[in-house]
*Asks:* 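Starting off with a structure, shown below.
Any value given below was found using the heavy atoms of this structure, including those in side chains, with hydrogens, waters and symmetry copies removed.
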Amino acid sequence: MNLSILIPLLNEEESLKELYTWIIKVMQSNNYSYEIIFVDDGSTDNSWQIIEGFSNENPNVKGIRFMKNFGKSQALHAGFAKAKGDVIITMDADLQDSPDEIPELYEMITAQKFDLVSGWKKKRYDSVVAKNLPSKLFNWAARKTSGVELNDFNCGLKAYKNVVVKNIEVSGEMHRYIPVLAKNAGFGKIGEKVVIHQARKYGETKFGMERFINGFLDLITIWFLSRFGKRPMHLFGAMGSLMFIIGFLAAGYIGVSKLYHMYTGMKYSLVTNNPWFYIALTTMILGTQLFLAGFLGEIILRTKSNEARYKVAREVNF
């Protein structure tokens, strides 16, 4: 199978018919073998009924319905697990991503041998203050932190080799950082393509300003996980040991200094009257806690169970 088109969605009943017709037109004009996977992330409108209608008339259309809204990352994870195409294209259901970009994205994966190609909405039709400026700041921070030179991490229109999506774990709200996850998994050939950004035709955006705050927090998380996720003891153990040694040496110096003053008959005071004693003691306590945090992190990593992060209510055509 050439292509898997993966579309996560939430309450997009108005745009689904137009999007479906557009994708089918692109598939037929290029003679692709394909599947379209709609992942309904707990819609409360008629989105699922529309998807079922598509699947009844076209066996290439498949659907996954969550029991409630679990988030875009979970929707992508469920779709990636089911996708069978040599190339997987992800796109949003709000018609802001153009299916006409699919052939060129497919060509970049198959002919130019990219592992992943991310869309870049260079010219946007969103609010400058509410979205464009925060997005530019967010993308700059993501580039500097991750080392992945992309201009638009948030673009939902991306293309992947099948082997990439089968070897990355998308959880929480990490869908923004799939290129970073791919890089950390060993897929180094990551490209970018300028794509058309269309103004939203129906409904309202499902993401507000909080997505940028969450995005920065997730960026810190993925930076930490990429370096210490498998070995938390390397960070917390090292920091804890260093702090404990510094505190221990400082406390030892204070004790030896008092003994020296006592031995030579010089004036001295109680150790407990010296504020540096409490600073040294606090440093040793914090060092011990950090060391234990690293130790417990190692134990959790070795004993954790892979519990389901979402619940599927229905599937069609799988």
Side-chain angles (χ1 to χ4, degrees), residues 1-10 12 15-16 18-41 51 54-55 58-64 72-122 150-168 170 174-179 181-182 185 187 189-198 317-318:
M1 184 184 295
N2 298 135
L3 279 164
S4 293
I5 312 298
L6 175 55
I7 306 170
L9 63 107
L10 174 65
E12 297 287 0
S15 62
L16 285 177
E18 186 175 340
L19 176 63
Y20 168 72
T21 304
W22 195 351
I23 292 174
I24 294 300
K25 179 183 176 182
V26 173
M27 296 298 103
Q28 292 176 346
S29 63
N30 290 274
N31 294 316
Y32 292 135
S33 57
Y34 70 94
E35 63 180 358
I36 304 172
I37 304 174
F38 290 98
V39 184
D40 183 354
D41 187 21
I51 293 168
F54 297 156
S55 66
N58 185 347
N60 294 323
V61 176
K62 305 174 182 181
I64 302 171
K72 188 174 182 179
S73 291
Q74 280 54 250
L76 289 173
H77 183 274
F80 286 158
K82 297 286 189 180
K84 297 178 179 178
D86 297 329
V87 177
I88 290 85
I89 306 283
T90 60
M91 62 192 310
D92 294 333
D94 54 12
L95 294 174
Q96 290 189 287
D97 297 330
S98 171
D100 289 334
E101 305 282 358
I102 292 174
E104 194 168 340
L105 288 169
Y106 178 78
E107 182 73 11
M108 292 179 74
I109 296 292
T110 56
Q112 300 180 39
K113 306 301 182 183
F114 282 99
D115 296 318
L116 183 158
V117 178
S118 181
W120 175 16
K121 296 175 181 177
K122 194 171 184 178
L150 293 178
N151 289 285
D152 191 355
F153 284 83
N154 273 319
C155 182
L157 186 57
K158 291 181 171 67
Y160 312 83
K161 281 183 180 177
N162 185 287
V163 68
V164 174
V165 303
K166 301 301 184 183
N167 285 281
I168 57 174
V170 188
M174 294 298 182
H175 56 273
R176 304 174 184 88
Y177 303 112
I178 292 179
L181 296 175
F187 300 101
K189 194 167 184 182
I190 298 173
E192 189 170 49
K193 178 187 181 300
V194 176
V195 297
I196 298 170
H197 179 233
Q198 303 181 125
N317 282 349
F318 285 108

*Asks:* May I ask you to test the P103-V26 pair for a side-chain heavy-atom distance under 4.5 Å?
*Replies:* yes
*Asks:* Do L3 and M27 make a side-chain contact, defined as non-hydrogen atoms from C-beta onward lying under 4.5 Å apart?
*Replies:* yes
*Asks:* Taking all non-hydrogen atoms of both residues into account, name the closest pair between I88 and V165 and its distance.
*Replies:* CD1-CG2, 3.9 Å
*Asks:* Can you name the closest pair of heavy atoms from L76 and T90 and give their distance?
*Replies:* CD2-CG2, 3.9 Å
*Asks:* Quick one: which residue pairs count as a ring-ring contact (aromatic ring centres under 6.0 Å, His included) with a foot in residues 77-104, not counting sequence neighbours?
*Replies:* H77-Y310, F80-Y160
*Asks:* For E35 and S4, which heavy atoms make the closest approach, and how far apart are they?
*Replies:*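 Heavy atoms only, the tightest pair is OE2-OG, 2.6 Å.
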*Asks:* Is there a side-chain contact between D41 and K72 in this structure, where contact means two heavy atoms from C-beta onward sitting under 4.5 Å apart?
*Replies:*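 No, too far: nothing below the 4.5 Å cut-off.
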*Asks:* Heavy atoms only: give me the nearest V117-L105 pair and the separation to one decimal.
*Replies:*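 Here V117 and L105 meet closest at CG1-CD2, 3.7 Å.
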*Asks:* Please round to the nearest 0.5 Å and tell me the distance separating atom CG of D97 and atom CG of L157.
*Replies:* 4.5 Å
*Asks:* Determine whether L150 and W120 make a side-chain contact, defined as any pair of heavy atoms from C-beta on separated by less than 4.5 Å.
*Replies:* no
*Asks:* Can K161 be said to sit on top of F187's aromatic six-ring, NZ or CZ under 6.0 Å from centre and within 45° of the ring axis?
*Replies:* no
*Asks:* Is the closest side-chain heavy-atom distance between F54 and L16 below 4.5 Å?
*Replies:* yes
*Asks:* Hey, does K158 have a side-chain heavy atom less than 4.5 Å from the side chain of P179?
*Replies:* yes
*Asks:* Could you report the tightest heavy-atom contact between I37 and A83, atom names first, then the distance?
*Replies:* CD1-CA, 3.9 Å
*Asks:* So for atom NZ, which belongs to K166, do other residues, nucleotides or ligands contribute more than 12 heavy atoms lying within a distance under 6.0 Å?
*Replies:*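 Check passes, neighbour count above 12.
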*Asks:* Tell me, please, which residues at least two apart from N162 pass side-chain hydrogen bond (donor to acceptor under 3.5 Å, both in side chains).
*Replies:*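 Listed in chain order: nothing, the list is empty.
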*Asks:* Answer yes or no: is there a side-chain heavy-atom contact under 4.5 Å between V170 and I178?
*Replies:* yes
*Asks:* To the nearest 0.5 Å, what is the distance between CZ on F38 and CD1 on I64?
*Replies:* 12.0 Å
*Asks:* If you draw a 6.0 Å radius around NZ in K189, do more than 12 non-hydrogen atoms from other residues or ligands fall strictly inside?
*Replies:* yes
*Asks:* Thinking salt bridges, do K122 and D152 make one under a 4.0 Å N-O criterion?
*Replies:* no
*Asks:* To the nearest 0.5 Å, what is the distance between OH on Y34 and CD on Q28?
*Replies:*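 The OH atom of Y34 sits 6.0 Å away from the CD atom of Q28.
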*Asks:* Tell me whether S15 contacts the main-chain N or O of A93 through its side chain, where contact means a donor paired with an acceptor under 3.5 Å.
*Replies:* yes
*Asks:* Between A159 and I89, what is the shortest heavy-atom contact and its length?
*Replies:* CB-CD1, 3.5 Å
*Asks:* Any chance you could measure K121, atom NZ, to Q96, atom CD, to the nearest 0.5 Å?
*Replies:* 5.5 Å
*Asks:* Find out whether V87 and N2 are in side-chain contact, i.e. whether some heavy atom of one side chain is under 4.5 Å from a heavy atom of the other.
*Replies:*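 V87 vs N2: side chains apart.
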*Asks:* Between L9 and I51, does the side chain to side chain contact (heavy atoms under 4.5 Å, CB included) criterion hold? Intermediate values first, please.
*Replies:* CA-CA 11 Å; L9 63 107; I51 293 168; 3.9 Å; yes
*Asks:* Applying side-chain hydrogen bond (donor to acceptor under 3.5 Å, both in side chains), run through S118 and E192 and close with a yes or a no.
*Replies:* CA-CA 5 Å; S118 181; E192 189 170 49; 5.3 Å; no
*Asks:* Are the charged groups of K193 and E104 less than 4.0 angstrom apart, N to O?
*Replies:*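 Salt bridge present between K193 and E104.
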*Asks:* Roughly how far, to the nearest 0.5 Å, is the CG atom of L10 from the CG atom of D40?
*Replies:* 7.5 Å
*Asks:* Do the ring centers of Y32 and Y106 come within less than 6.0 Å of each other?
*Replies:*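 That pair passes the under 6.0 Å test.
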*Asks:* For the atom pair CD1 (I23) and CD1 (I7), what is the distance rounded to the nearest 0.5 Å?
*Replies:* 3.5 Å
*Asks:* Would you confirm whether N58, through its side chain, and N60, through its main-chain N or O, come within 3.5 Å as a donor-acceptor pair?
*Replies:*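 Such a contact is found between N58 side chain and N60 backbone.
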